[in-house]
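What follows is a short report on a single structure.
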Amino acid sequence: MSDREQFLKQIDKIVGSHSLHGSESLCRLLRYAAHHALDHPGQPLKEYQIATEVFGRPSDFDPQSDSTIRVQAGRLRTKLTDYYASEGAADGVVVELPKGTYVLSFRHRAVNGNQAGKPASSEPQHASAFAPAGGWRSAFLVAGAMLLLALATIATLVYERKPGGSALASESAPGSAAFRSFWYPFVSAPQDPWVVFSNAAFVGRPETGLRYFNNAQDSRDVIFDHYTGVGEVLAVHDLDEVFEQLGRRIKVKRGSLFSLDDVQNNDLIFLGSPSENLTLDDIPGSKEFVFSRLKSGPRAGDLAIVNVHPQAGEPQTVVASPASSPLTEDYAIIALMPGLNPSRSVMILAGTTTFGTEGAVEFVSRQNSVSELLSRLSANRPGELKPFEALLRVKVARGVPVETELLALRKTVP
């Protein structure tokens, strides 16, 4: 089989993977970029070309005022990294989208000690560190190292970016019109918004086992509050990328360290439900889609979202897949409301599990879903978006949100 056939076969495999499942626009971009790299080696791929030939933008498309292609390329770059960190860990062909270019690169890598082939583009090549060897113990060590690297990367993005600078300088540009309109309450103020991630209280020790803190039987002296969900970690990263596109920074704080003074003085984005982000119990929350524990039935005690005023065709109560089976479905809310100080804004992005929270954040980090929300809320310009609440269904596969559907939407009165 020729290199070209191997590379195109690898593209087909990635398109059919869980990592890109449901991302039709990214699949189109990946196929287009692959054929360009193989058919026109060494030739650059322009933003305008992608916009008009892949995404059907009109001939007057202006890359300087519309960052759609930069956002999509960033998402594809992240998805490729996710794929090779999971499903593609043992693949013999590595497909990369180097930063600062839209030209894909292909390369063979060592599989079972054999190295073959050469890169299919002139882009710089990077060593692969995706395939753990040596059984489960080595795999866990590699996974742990990768997690630490991911957390360090997020910390660098959030805390070390210089004001006015960009961690991805080659892709920095004003955010799209949709992002500017949706996030206007959080970028129009001179101070950076706070992202407050869930930080539930546990008792026990990590090495022997943890369980949720029970106020009725546990002492607060033994609370262990050093953990948050995978979804919240990835959500911080997604929000950081969005605000970078808008030329702004975010500040990050864990829920257990949050105070009511912060509510008064800052624009806030909460990640996680009141069951995990306990600060939400102390401030006005959502009114139309409310988190509540089921009080009866086979799922009694499970966290659900109650649709307070269900309309025709809408569910009244939604709950994630039961704990006794693999999680394939979760639900989440997006809520925008005024803060305790009316001049401030609060947004809640929360699922009944960490994966629902991740799905909600991905929803507001994608231009197409943000545009859908703005259209249904009749808010197409900065400053027009008013308080609202949305209910989402999040489909999950192998611990990854793969599809998010808008189930219900309400304009709310402060």
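All values below come from the heavy atoms of this structure, side chains included, with hydrogens, waters and symmetry mates left out. One is the number of the first residue; the rest follow in order along the sequence.
Atom CD of Q191 sits in a crowded spot, with more than 12 heavy atoms from other residues, nucleotides or ligands closer than 6.0 Å. By the 6.0 Å contact criterion, CD on E24 is open, its count of non-hydrogen atoms from other residues, nucleotides or ligands being 12 or less.
With contacts defined as side-chain heavy-atom distances shorter than 4.5 Å, the pair F186/L336 qualifies. Counting only heavy atoms from C-beta outward, the side chains of V187 and R180 never approach each other to under 4.5 Å. For the pair F289 and N307, the minimum side-chain heavy-atom distance is below 4.5 Å. Side-chain contact between D12 and R31 is present, with at least one heavy-atom pair separated by less than 4.5 Å. Using a 4.5 Å heavy-atom threshold, the side chains of Y84 and V95 count as touching. Using a 4.5 Å cut-off on side-chain heavy atoms (C-beta onward), E372 and S375 make no contact. Residues F106 and Q6 have side chains not in contact (no heavy-atom distance under 4.5 Å, counting atoms from C-beta outward). Between D192 and R248 there is a side-chain heavy-atom pair separated by less than 4.5 Å.
In this structure, T317 contributes its side chain and V306 its backbone to no donor-acceptor pair below 3.5 Å. Looking only at distances, no side-chain donor or acceptor of T101 sits under 3.5 Å from a matching main-chain atom of L97. The closest donor-acceptor contact from the side chain of D330 to the backbone of T353 lies under 3.5 Å. In this structure, the side chain of E389 engages the main chain of E288 through a donor-acceptor pair within 3.5 Å. For T354 (side chain) and G231 (main-chain N/O), a donor-acceptor pair under 3.5 Å exists by modelled atom type.
Taken from CG in L271 to CE in M347, the straight-line distance is 11.0 Å, to the nearest 0.5 Å. Summarising the geometry, atom CD belonging to E53 is positioned 3.5 Å from atom OH belonging to Y32; distances are rounded to the nearest 0.5 Å. Here CD1 of I250 is found 4.5 Å from CG of D240. Values are rounded to the nearest 0.5 Å. In this structure, OG on S188 lies 11.5 Å from CG on L246, to the nearest 0.5 angstrom. L392 CG to I334 CD1: the interatomic distance, rounded to the nearest 0.5 Å, is 4.5 Å. The distance from the OG atom of S371 to the CZ atom of F182 is 10.5 Å, given to the nearest 0.5 Å.
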Test side chain to side chain donor-acceptor pair (under 3.5 Å) on E87 and S19 and set out the steps.
-> CA-CA 8 Å; E87 302 165 72; S19 298; 3.1 Å; yes
Which is it for L407 and E314 under the side-chain contact (heavy atoms from CB on, under 4.5 Å) test, yes or no, and what are the steps along the way?
-> CA-CA 7 Å; L407 293 182; E314 294 178 355; over 6 Å; no
Apply side-chain contact (heavy atoms from CB on, under 4.5 Å) to F197 and T357, showing your working.
-> CA-CA 10 Å; F197 63 87; T357 297; over 6 Å; no
Walk me through it: do K13 and D91 pass the test side-chain contact (heavy atoms from CB on, under 4.5 Å)?
-> CA-CA 10 Å; K13 185 176 181 181; D91 288 1; 2.8 Å; yes
Could you give me the CA-CA distance, side-chain angles and deciding distance for F291 and I333, then say whether side-chain contact (heavy atoms from CB on, under 4.5 Å) is met?
-> CA-CA 9 Å; F291 287 92; I333 69 166; 3.7 Å; yes
Working for side chain to side chain donor-acceptor pair (under 3.5 Å), residues Q367 and T68 = CA-CA 7 Å; Q367 180 169 312; T68 298; 2.9 Å; yes
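For an aromatic pair to be called close, the ring centres must be under 6.0 Å apart, and H108 with F7 satisfies this.
Taking both residues in full, the closest heavy atoms of A320 and T352 are given as CB-OG1, 3.5 Å, listed atom of the first, atom of the second, then distance. Smallest separation of non-hydrogen atoms from P338 and P387: CD-CG, 4.1 Å. Residues V402 and A397 approach most closely at CG1-CB, 4.0 Å, considering heavy atoms. Closest approach of V396 and F355 over heavy atoms only: CG2-CB, 4.1 Å. Closest heavy-atom contact between V370 and A178: CG1-O, 3.7 Å. Considering all non-hydrogen atoms of both residues, A350 and S273 come closest at CB-N, 3.5 Å.
Checked options D267, L239, V346, L268; the residue passing with P193 is D267 (criterion: side-chain contact (heavy atoms from CB on, under 4.5 Å)). When each of K79, R107, R109 is tested with E96 by the rule salt bridge (Lys or Arg N to Asp or Glu O under 4.0 Å), just one qualifies, namely R107. Applying side-chain contact (heavy atoms from CB on, under 4.5 Å) to F243 and the options V195, D238, I269 leaves one that passes, I269.
Salt bridge absent: E241 and R77 never bring a charged side-chain N and a carboxylate O closer than 4.0 Å. With respect to E405 and R393, a salt bridge is recorded, a charged nitrogen being found less than 4.0 Å from a carboxylate O. The pair R4-D39 meets the salt-bridge criterion, since a charged nitrogen lies less than 4.0 angstrom from a carboxylate oxygen.
Note on ring orientation: taking the six-membered ring where Trp is involved, the planes of H36 and H40 are tilted (angle from 30° to 60°).
At a cut-off of 3.5 Å, with distance as the only test, no side-chain donor of Y102 or Q72 sits close to an acceptor on the other residue. For E232 and S198, the side-chain atoms include at least one donor-acceptor pair closer than 3.5 Å.
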